[in-house]
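Side chains included, hydrogens not; waters and symmetry mates left out as well; all remaining heavy atoms used. Predicted, not measured: the structure shown is a model, and the values here were computed from it. In listed order, ligands and their atoms are each counted from 1.
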Amino acid sequence: MAGRRGALIVLEGADRAGKSTQARRLVERLRQRGHRADGMRFPERTTEIGKLISSYLEKKSNIEDHTVHLLFSANRWEQVPMMKEMLRSGVTLVVDRYAFSGVAFTSSKENFSMKWCKQPDEGLPKPDLILFLNLSPEAAAARGGFGNEIYETSDFQVKVQKRYQELMEDKSLNWKLVDASQTVDDVLKEITGMSEGIIEDVKDQPIGKLWT
Ligand code: FDM
Ligand code: MG
């Protein structure tokens with residue numbers, strides 16, 4: 001029999017909800033507790049495609065809206081062989097943003113349907129657990145102002161939140177809503193418990209395919 005596989009765990013949520021901090025700390029904590037775990041983030045800005053995306057986000061280049069959506073998706077697909085290899089070798093992957101960011105952000109632009117936005121990501125490795133770090137716009141604002149990247153305006157972020165709500169209605173995915181207004185330690189404790197549960201649950205299951 002093949003060995004146990006790792007779990008694919010995704011963090012999504014509003015700006016300033018603490019995704020990057022929690023992703024990093026979750027990897028550390030899982031390792032301390034004896035699991036093999038690694039972190040990833042999307043966009044992965046270091047690849048050739050990632051550099052184009054980064055330049056777009058920093059408003060240094062203008063890329064047509066459909067095109068940039070497909071680049072974000074391609075930036076995930078280019079990591080898939082490595083992701084599958086790691087999962088199959090027993091490593092749990094903790095991912096800061098995934099296809100749900102892709103759909104929530106692009107479909108917040110004029111004239112983009114959720115259906116069109118999901119299509120390029122169909123068939124990606126399906127997350128075993130999606131932790132949605134939930135934070136009210138007021139609480140997010142209290143944590144500091146926006147940065148200078150292209151999507152960092154409050155009007156746009158309100159639209160993005162609505163799209164996330166729609167995505168969370170899909171019960172074929174394992175969404176967990178996490179109260180991100182708790183302390184960093186309390187959030188970490190909650191998501192560590194959920195993650196250890198899922199690592200155990202999926203260890204003998206095949207990797208699923210997203211949105212198929
Ligand atoms: N983003 C991220 C997208 O528009 N599509 C995607 O597929 C992904 C993964 O890129 F504004 C947006 C979301 C956010 C920006 O910011 C990346 P961070 O701070 O690096 O997460
Ligand atoms: Mg971040």
Under 4.0 Å to a heavy atom of [X] - the qualifying atoms of ligand 1, by number:
X	answer
F42	9 (C)
P43	2 (C), 9 (C), 17 (C)
G102	5 (N), 6 (C), 7 (O)

Worksheet item: Any side-chain heavy atom of K51 sitting closer than 4.5 Å to one from R45?
Response: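 No, their side chains stay 4.5 Å or more apart.
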Of the choices [options], which has the non-hydrogen atom that lies closest to [atom]?
atom	options	answer
atom 18 (P) of ligand 1	K19, E12, R45	R45
atom 7 (O) of ligand 1	R76, R97, E152	R76
atom 1 (N) of ligand 1	F156, F72, Y151, Y56	F72

Item to complete: For ligand 1, indicate whether the residue L57 contacts it via side chain, backbone, both or neither (heavy-atom separation under 4.0 Å).
Response: side chain
Item to complete: Give a yes or no on whether the backbone of G90 and the side-chain of K203 come within a donor-acceptor separation of less than 3.5 Å.
Response: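 Checked: no pair found.
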Worksheet item: Hey, what do you get for CG (L167) to OG (S107), rounding to the nearest 0.5 Å?
Response: 7.0 Å
Fill in: Least distance between heavy atoms, I53 atom then P43 atom
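Result for this residue pair: CG2-CB, 3.9 Å.
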Discussion item. With ring-ring contact (aromatic ring centres under 6.0 Å, His included) as the test, pick out the partner of H69 among Y56, W116, F105.
Written reply: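 The ring-ring contact (aromatic ring centres under 6.0 Å, His included) with H69 is passed solely by W116 among Y56, W116, F105.
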Worksheet item: In terms of the angle between their ring planes, are Y151 and F156 parallel, tilted or perpendicular, with boundaries placed at 30° and 60°?
Response: parallel
